[in-house]
Amino acid sequence: MFNLFKNNKGAPFYAPSNGRLINITQISDPVFSSKMLGDGYGIEPSDGDIYAPIYGKVTTVFPTKHAIGLVTKSGDEVLVHIGIDTVELAGKPFQVFVQVGDKVSPKHKIAHVDLNMLDRLEKPKTIIVVYTNRQTEAVFDEIKAKEVVVGEEIGKIN
């Protein structure tokens with residue numbers, strides 16, 4: 001069958017963790033599911049290791065360690081947001097392994113989150129990847145729920 005989602009052009013994006021890939025519209029936080037911050041996708045993680053979803057450079061590490069900003073060579077700004085309503089945790093369940101200016105790839109672990117702590121605190125564990133400076137991209141609309149592994153190519157963005 002035709003695979004329109006994976007084409008030979010454009011910059012690839014990858015699974016930042018092992019777990020279940022979900023469409024951004026399925027994320028339980030309306031700020032993300034309504035695409036207010038941009039379009040992208042989510043992962044319901046099966047472990048706490050988080051890798052870069054793109055080839056690029058670190059532009060921001062939030063002081064609360066719950067989010068990391070990246071930029072691709074083509075200038076796409078990408079936000080990796082760990083969990084929902086986790087900013088109020090003041091960094092406690094997170095370890096960050098990158099700093100501003102670091103170059104990253106899908107093989108580069110950028111963070112770790114204590115999923116058990118998020119469970120105890122009743123915080124959703126969803127890892128959200130959002131392209132913050134792009135108009136809605138049809139490629140993200142094609143994302144369907146499935147199991148993925150770290151570094152698995154999910155699609156390409158033009």
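Each residue takes its place number in the sequence, starting with 1. Hydrogens, waters and symmetry mates are skipped; everything else that's a heavy atom, side chains included, is used.
- Atom CG of Asp114 and atom CG of Asp119 lie 9.0 Å apart (nearest 0.5 Å).
- The cluster map of Ile, Leu, Val, Met, Phe, Trp and Tyr, joined by side-chain heavy atoms under 4.5 Å apart, puts Leu89 and Val113 in the same cluster.
- In this structure the side chain of Val80 reaches within 4.5 angstrom of the side chain of Pro53, judged on heavy atoms.
- The main-chain N or O of Ile24 is never found under 3.5 Å from a side-chain atom of Asp39 such that the two would form a donor-acceptor pair.
- Under the 30°/60° scheme for interplanar angles, the aromatic rings of Phe13 and Phe140 are found to be tilted.
- Atom CD of Gln99 has 12 or fewer heavy atoms from other residues, nucleotides or ligands within 6.0 Å.
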Pair Ile43-Thr126, side chain to side chain contact (heavy atoms under 4.5 Å, CB included): steps then yes or no: CA-CA 6 Å; Ile43 304 277; Thr126 312; over 6 Å; no
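- For the atom pair CD (Glu88) and CG (Leu121), the distance works out to 9.0 Å, reported to the nearest 0.5 Å.
- Both Ile27 and Val31 are assigned to one and the same hydrophobic cluster, defined by single-linkage of ILVMFWY side chains at heavy-atom distances under 4.5 Å.
- For the atom pair NZ (Lys65) and OG1 (Thr86), the distance works out to 13.0 Å, reported to the nearest 0.5 Å.
- A 4.5 Å side-chain heavy-atom check between Thr25 and Lys35 finds at least one atom pair inside the cut-off.
- Met117 and Phe94 fall within the same hydrophobic cluster, where Ile, Leu, Val, Met, Phe, Trp and Tyr residues are linked whenever their side-chain heavy atoms come under 4.5 Å apart, directly or through other members.
- Cluster annotation: Val104 and Ile157 are assigned to the same hydrophobic cluster (Ile/Leu/Val/Met/Phe/Trp/Tyr, side-chain heavy-atom contacts under 4.5 Å, transitive).
- Between His81 and Phe32, the ring centre distance stays below 6.0 Å.
- Within the 4.5 Å cutoff, side-chain heavy atoms of Ile82 are placed close to those of Ile50.
- Between Thr59 and Glu77 the shortest side-chain heavy-atom distance does not fall below 4.5 Å.
- Taking the side chain as every heavy atom from C-beta outward, Pro106 and Ile54 never approach each other to under 4.5 Å.
- Ring pair Tyr51/Tyr14: centre-to-centre distance not below 6.0 Å.
- For the pair Glu147 and Glu44, the minimum side-chain heavy-atom distance is 4.5 Å or more.
- Here the side chain of Asn133 pairs no donor or acceptor atom with the backbone of Asp76 at under 3.5 angstrom.
- Side-chain N or O atoms of Ser105 include one that pairs as donor or acceptor with a backbone N or O of Lys107 at under 3.5 Å.
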Verdict with supporting geometry, Tyr41 and Ile22, side chain to side chain contact (heavy atoms under 4.5 Å, CB included): CA-CA 6 Å; Tyr41 54 97; Ile22 60 172; over 6 Å; no
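- Hydrophobic clustering of Ile, Leu, Val, Met, Phe, Trp and Tyr side chains at less than 4.5 Å, counting indirect connections, unites Ile68 with Tyr131.
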Working for side chain to side chain contact (heavy atoms under 4.5 Å, CB included), residues Val130 and Val78: CA-CA 6 Å; Val130 179; Val78 178; over 6 Å; no
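- The shortest distance between side-chain heavy atoms of Leu79 and Val129 does not fall below 4.5 Å.
- Shown here is Lys57, whose NZ atom has no more than 12 heavy atoms of other residues, nucleotides or ligands within 6.0 Å.
- The only option from Asp49, Val149, Ile127 that meets the side-chain contact (heavy atoms from CB on, under 4.5 Å) definition with Ser17 turns out to be Ile127.
- One finds the NE2 atom of His108 at 10.0 Å from the CG atom of Leu70 (value rounded to the nearest 0.5 Å).
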